[in-house]
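Contents: one structure, followed by commentary.
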Amino acid sequence: MNFLNELNDIQREAVVANDGPVLVVAGPGSGKTRVLTYRIAWLLAEDKAKADEILALTFTNKAAREMKERIQRVAGESAGRLWAGTFHSIFARILRTEAAHIGYPTNFTVYDTDDTKSLLSTIIKEMNLPREQYNVNGVRARISWAKSKLITPKLYVEDEELRREDKQKQQLYIYEIYARYTARCKMAGAMDFDDLLYRTYELLQTKHPETKEYFIAEKYRNRFKYILVDEFQDTNTLQYAIIRKLVNPENHNIYVVGDDAQSIYGFRGATIQNILDFEQDYKPFGIKTVKLVQNYRSTAPIVQAANRVIAFNRQQIQKQIRSEKGEGQKIRIVRAMTDDEEARRVVDAILEQKNRDHLQNKDIAILYRTNAQSRSFEENLLRYDIKYKIFGGVSFYQRKEVKDLIAYLRVAVNPKDDEALKRVINYPKRGFGKTSMDKIEALAAAQQLPFWDALGLAQLGGRMEQTVLDFKSIFKEAHENMANADAAVLARSIVLESGLLRELKEDTTPEGKSRLENVNALLDGIQAFVEDDTLIDIETLPDKTLATYLQNVALMTDMDSDESDQDYVTLMSVHAAKGLEFKSVFVVGMEEDLFPSFMSKESLDAVDEERRLFYVAITRAEQLLTLTYANSRYRFGKMQYNSPSRFLEELPLDQVENAGQVFGGEPSAKKTPTGASVSGNFSRRTAITNTVPRIDPATFQPSPSDAIQAGMEVLHLKFGKGKVLHIDGGAQNRVATIVFEASGAEEKRIMLKFAKLQIL
DNA sequence: CCTAGGATGTTTTTT
DNA sequence: ACATCCTAGG
């Protein structure tokens, strides 16, 4: 195994650790991902497990994809069958298979945060509770927190302490809201993000009615010979509880990698306590702990600054990161008078770095605490014609028109999905006004029915009867062909029948055109989903139904777009930057009340978390680190004056280039911003690969897929010319392993059921 | 039943 | 500043 030579001694020790529980505490830039991927590659190479017996949990789809790609490179084709993905996506997949055991339909809907909030405010209204007292976000956070602590509605009511806390905050009836919310989700066949975790936990606790065994837990314990968890410091109590249930008690093959200093998801219930608990919980089973402290990413000033800053936190696992790279540029601090000037100075510095240090756009990142800060940078980068890409913020899938279409599709798949139904029932306008809706809502509430059912029963008066029928008929084709027709066909039928397309076409304003483009892009995306024949997972039945599409798309974020080889400056929140690295990093908005956030001021714990966030931010930099702040900035529509962040004062002065002095002199005259609003640069999401020859579809003649045999030379519409190495899988799900010339001898696994291949 | 205009709350971070 | 919610008036 020559790949072991690419590791240092400690990394190698971690990679080849014996069976049993392993904890890898890994500082930033210490090769954490490398250790994790090589561990998997090693398990495969040593034949300790087959790919589909390994479960690797990550926090983002992107991390999962990268991991798969890297393993593929080291270990070969089998990596495609790994169970690698986010907690949410892996569990959604398991839930889909097992839904019936906990009283959910296979095609359950995933409620996003907006759906959750909308349902909660409906409930709050129904209960006649004052809206100001029961603000939706607060209630949502509380319920989410309860779930992450494994507190069911039943336990919540019984817990007097919790009720006392709520009463103090004048929110005594949260327990009732929680109960109703849970019931309503279940009736709608819907799970929110937390449910994807909680219901999995529930599933693993389910006993067989006769044998009284935990048969589902057993099933997955037996399946997964090895479980690996990335970013373990960001797991919450619930996630850890699930992991513990999944770990096979015979071998305890649980391998977790994390860094307590980079725990930045406390607001989501993540707790460093998990790392400490892990050590305790698995001590009896011979836990092996490895600490990786050698930093291969950043120069000495950056590493020293990181060490110094994190030392201000009150508790942590002791470790000093050592720089491998040696001396480098000191850290630069830039002061600006306004937020706009801050942006201009950053852009100036970017131009300079591109010239002086020969950096490319993609070597550079601008990191901020809140997504709202991106705007001024966007405007200034635009002005200098520097390519950039904003991650996060309003994602493609959150745009109104996209959500509208998805809501239609959701109703098609699951008519009980009340939130989706409410969204589309009167868009485009078709006469469902307040009066009708009130009647339907009242009936639904009185008889505990989903909206869809109430819709047919409510007495709405003559004219509305037809309206209801017309509305329902939009989904007729979809409902009749749900099982056999593919997602793209159904989606197109719905777009036409619903009048959505007509509505969008009528709007000829630039924004309207962009909306239409986005809807078309989504349709293209569905088409691509249907046409994609590369094998993702053999374990789940590969199908092209709308239901499958929706479950994928519900967990998709904008972070996941993959255009890594294009040359753009990266703009993203610090949270989003975790795990990434750039030659030059600008951490902007270094001001009190912004970073650290004003929300964190109330508790020292929260400020510590902000500090860890800052630690994450600065350790993204390889060579150049610039920290900027503005004396004043627009926030909430008015000018705000902030003082420099306390974190700046915590830096080691000897590593700061311009310590003490105010950098930059006089603020320059305020230029008017371009004012040009950017209407979404959501390019069509198409092919996954970029460097492949386009085959002319006109001359392309796909052969019948059962004719494909090992050894054949074939042509693929997307990947070009390749050779079939071998074929496996059952008769129904034949999978060909093909090596394509264009993609650098990389092997791809193609599902022949969906494949478009031409025999040469 | 729909629209416009005003009031109101909201922004920390993500799956 | 922006989005959402509510109310009055068409």
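Because the structure is a prediction, the values reported are computed rather than measured. Excluded from the calculations below are hydrogen atoms, water molecules and symmetry mates; all remaining heavy atoms, backbone and side chain alike, are included.
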Could you tell me how far apart A/Asp230 (CG) and B/dT15 (P) are, to the nearest whole angstrom?
14 Å
Without decimals, in angstroms, what is the distance between A/Asp339 CG and B/dT11 P?
21 Å
Using whole Å, report how far OH of A/Tyr111 lies from C1' of B/dT15.
18 Å
Stacking check A/Phe267 vs B/dT12 (5.5 Å / 30 deg):
no
Would you confirm whether A/Gln233, through its side chain, and A/Asp259, through its main-chain N or O, come within 3.5 Å as a donor-acceptor pair?
yes
Given the C1' atoms of C/dC6 and B/dT11, what is the spacing between them in whole Å?
22 Å
Rounded distance in Å between the P positions of C/dT4 and B/dT13:
16 Å
With heavy atoms under 4.0 Å as the rule, sort A/Phe87 into base, sugar-phosphate or nothing.
nothing
Just checking A/Asp194: base, sugar-phosphate only, or nothing, at a heavy-atom cut-off of under 4.0 Å?
nothing
What is the distance from CZ of A/Phe598 to C1' of B/dT11, rounded to the nearest Å?
7 Å
In Å and rounded to the nearest 0.5 Å, what is the CZ to CG distance from A/Phe108 to A/Leu550?
11.5 Å
Donor-acceptor pair, distance only, cut-off 3.5 Å: does the side chain of A/Glu379 make one with the backbone of A/Ser376?
no
Should the pair A/Lys578 and A/Phe59 be classed as cation-pi, given the thresholds of under 6.0 Å to the six-membered ring centre and 45° from the axis?
yes
Gap between atoms CG and P, on A/Leu594 and B/dT13 respectively (whole Å)
11 Å
Separation of A/Tyr134 atom OH from B/dT8 atom P, in whole Å?
22 Å
Within the structure, does a side-chain N or O atom of A/Ser573 lie under 4.0 Å from either OP1 or OP2 of B/dT14?
yes
What is the ring orientation for A/Phe193 with A/His88, classed by angle as parallel under 30°, tilted 30 to 60°, or perpendicular over 60°?
perpendicular
Rounded to whole Å, please give me the gap between NZ in A/Lys578 and C1' in B/dT13.
11 Å
Base, sugar-phosphate alone, or nothing: which one does A/Glu609 contact when heavy atoms must sit under 4.0 Å apart?
nothing
B/dT13 phosphate, OP1 or OP2: any side-chain N/O from A/Asn371 under 4.0 angstrom?
yes
A/Asn426 vs B/dC2: side-chain N/O to OP1/OP2 distance below 4.0 Å
yes
Under 4.0 Å from a heavy atom of chain A: give me the 5'-most and 3'-most nucleotides of DNA chain C that qualify.
C/dA1 to C/dC5
Distance check needed: B/dT14 C1' versus A/Gln239 CD, whole Å only.
11 Å
Minimum-distance nucleotide to A/His88 side chain [options: B/dT14, B/dT15, B/dT12]:
B/dT15
For a quick test of reading the model: is some side-chain N or O of A/Asn236 closer than 4.0 Å to OP1 or OP2 of B/dT15?
no
Decide whether A/Asp112 and A/Tyr397 meet the rule of one side-chain donor and one side-chain acceptor closer than 3.5 Å.
no
How long is the straight-line distance from CD1 of A/Ile90 back to CD1 of A/Ile242, given to the nearest 0.5 Å?
12.0 Å
Mapping A/Arg140 and A/Asn137 to their closest nucleotides on DNA chain B, which lands nearer the 5' end?
A/Asn137
Counting the atoms with a prime plus P, OP1 and OP2 as sugar-phosphate, which does A/Phe59 contact under 4.0 Å by heavy atoms, base, sugar-phosphate, or nothing?
sugar-phosphate
On the 0 to 90° scale, with breaks at 30° and 60°, tag the A/Phe614-A/Phe647 ring pair as parallel, tilted or perpendicular.
parallel
Would you say A/Ser436 places a side-chain N or O within less than 4.0 Å of OP1 or OP2 belonging to B/dC1?
yes
